[in-house]
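Before any comments, here is the structure.
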Amino acid sequence: MVKRIVRVSIFVLTIVCLVACTDAASGGEGADNDPGNETKELIVATGADPTTLDGRKTWSGPGYSMNAHMMEPLVFREIVDNKVNIVGVLAEEFENMDDLNWKFTLREGVTFHNGVPLTSEAVKFTLETILDPELNSPLAQWISDIDEITTDGELIVNIKTKTPTRGLLSGLTQIPIIEPSAVEELGEEFNIKPVGTGPYKIVEYKANSSVELERYDDYWGEAGVSERIKFLIMPENAVRLAALQSGDVHIAENISADKVEEVESDPNLDLYVTETLRVNLLVINFDNPWMEKKEFREALSMAIDRELIVNNILGGNTIPASSASPPGTIGFHDGLPVYEYDIEKAKKLLAEMDYDGSPIKMGAPSGRYAMDRQVNEAIAGMLEDAGINVELETLEFSSFLPKTDERYYDIYYIGLADLTINPPLHWGSYYHSKNSQGGYTNPEVDNLMDQAVETIDDEEAIVLFKELQEIFYEDKPTLPLYYEPHMVGVRKDVQDFLPRLDEYIIVRDAYVEP
């Protein structure tokens, strides 16, 4: 018996600003939580360690998925029929009062896992600490346009922005609200014992091993179906698949392309192949004098055969990248061609600039993205074929990520997801000079991105977005490779699991059929 592959495509991405939330926003995708379906434990295999469970610091897809069960934002993305709406979660109502001011009315009766009621002060604390430079939170970029946060009683939060800001709600979808007194009481332990309002609470986090959650019985919305959820951290693709096949795990993300036929032929498994909002690319470190030269970046890009990577390594499950933004997002520039592959031109450029064979340190994670180690080994080989002296290092994601922050690598591989569906927020950490991870500086880009943030009208913003993509295409501060395919293996006895365009593995409504 051969099972079918379930392919989920991006048809339309629409942001709808609702004034009141629906019951579906209380945590699921609209599934009915029938107590008769309750099971004891659902086990998910993921490819990377979250590094921290403090929702103010989490900066990885697996961490977002885990945190989504324990902590909740004011608003979040509800995905129905492949359309993305922003709906209220902890905010029962939200209203744009004028160009600069927003009012959020919190739900009554919500408690944190330590029994403390949710209040406006908790929201204020969360946002202000994220914006505090001392915390050094990567999430600060998503709410950097906030100028002032005030409260009016226990349930009203007022947010004033510095300028008219098209992306405020989009940014807030990524900000889980935490309990202030728990932060003070636990200190550094809050990284492994977070306290939120979600349908599940932390039991234990073992770094590079597992995250175990249990149902929070006083949850304000529909209860989670399974009594416990466990995330097992398994960086190796083969290990995740073997655990799925044996039944040791029920769901496994990032099934490798070379194992698709094996999964297809297993009568106990389903495979979800989902288009995503993520573009996988190489980030340039402009501290390196060679990488700073545009001709050298051109040579790097021309040496990479993106079509070969997509068709041979990723099994044709995606398409090569032509932009720093993924298809389906606002202002995606569909007029840009796939980056040129011409190894002879690459060699000629290197010769003309008298490249002296200086080593180029290249970094990549292993197990975080689909076939990431294999992809980067292939890229390193292509660059070497062009005459570039590459020193490739692949590490588990939790060890790799700190090195990117330190600018240890001259070039490194990462997958950037436009989770906010708002390009300036997606681009902020890599192209705007005040946040650029690789040290890229371009005053024209800064000016256009600042304009885009303040441009509320979609048609006007799209013009700016496309102009920026054209500059990125020519300047190559990053080298887009392809759009990440998300392939999730699921055992047949798992019910009510739905894949998401944002790659979150949210299983609060999923269960193993008894």
Side-chain angles (χ1 to χ4, degrees), residues 10-17 77 82-86 96 99 141-145 161-174 275-284 301 318-339 414-438 440-484 501-502:
I10 300 173
F11 296 120
V12 181
L13 293 177
T14 306
I15 296 298
V16 179
C17 297
R77 300 177 296 276
N82 294 306
K83 296 181 181 180
V84 179
N85 302 326
I86 293 184
N96 191 189
D99 285 350
Q141 63 165 315
W142 284 329
I143 55 172
S144 61
D145 291 304
T161 57
K162 299 170 187 174
T163 65
T165 304
R166 64 177 290 112
L168 179 65
L169 286 181
S170 298
L172 289 173
T173 64
Q174 292 300 113
E275 292 180 11
T276 71
L277 302 172
R278 185 179 301 277
V279 56
N280 293 40
L281 45 75
L282 295 171
V283 178
I284 303 295
S301 183
T318 185
I319 58 174
S322 57
S323 169
S325 270
T329 52
I330 296 173
F332 171 71
H333 199 323
D334 58 5
L336 295 174
V338 173
Y339 289 81
I414 200 78
L416 300 184
D418 192 357
L419 297 176
T420 63
I421 325 297
N422 191 58
L425 297 181
H426 165 61
W427 294 332
S429 289
Y430 295 88
Y431 306 108
H432 198 293
S433 61
K434 69 180 180 181
N435 295 318
S436 173
Q437 295 254 331
Y440 173 66
T441 300
N442 185 326
E444 183 182 8
V445 166
D446 289 353
N447 180 52
L448 289 170
M449 287 184 68
D450 290 342
Q451 286 184 54
V453 167
E454 298 180 28
T455 303
I456 305 302
D457 181 81
D458 272 355
E459 294 305 314
E460 293 177 14
I462 285 170
V463 173
L464 296 172
F465 296 159
K466 288 190 173 183
E467 187 173 352
L468 281 161
Q469 288 169 79
E470 289 171 1
I471 295 173
F472 301 155
Y473 188 92
E474 292 298 323
D475 227 8
K476 296 180 176 61
T478 63
L479 305 180
L481 301 169
Y482 53 86
Y483 305 109
E484 170 83 356
L501 301 178
D502 57 16

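What you are looking at is a predicted structure, and each value in this text was computed from that prediction instead of being measured.
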Could you check whether Y473 and Y339 have their ring centres less than 6.0 Å apart? yes
[atom1]/[X] to [atom2]/[Y] distance, rounded to the nearest 0.5 angstrom?
X	Y	atom1	atom2	value
T441	K434	OG1	NZ	13.5 Å
L281	S323	CG	OG	10.0 Å
F472	L336	CZ	CG	11.5 Å
N96	L169	CG	CG	8.0 Å

Are [X] and [Y] packed together at the side-chain level, in the sense that at least one heavy-atom pair is separated by less than 4.5 angstrom?
X	Y	answer
D145	E454	no
P477	I284	no
F465	F332	no
I86	T173	yes
P423	D418	yes
R77	N85	no
M449	V445	yes
W427	S325	yes

Do the side-chain N and O atoms of [X] and [Y] include a donor-acceptor pair separated by under 3.5 angstrom?
X	Y	value
E484	N280	yes
T478	Y431	yes
S429	N435	no

Quick check against the 3.5 Å criterion: does [X] have a side-chain atom that pairs as donor or acceptor with the backbone of [Y]?
X	Y	result
T165	T163	yes
K162	S144	yes
D446	S433	yes
T455	Q451	yes
R278	G415	yes
T318	Y483	yes

Give me each pair satisfying salt bridge (Lys or Arg N to Asp or Glu O under 4.0 Å) with a member in residues 455-476, each pair once, sequence neighbours excluded. R166-D458, R297-D475, E298-K476
Minimal non-hydrogen separation, [X] against [Y], with atom names:
X	Y	value
E275	L501	O-CD2, 3.6 Å
P337	S322	O-CB, 3.5 Å
V279	P480	CG2-CB, 4.2 Å

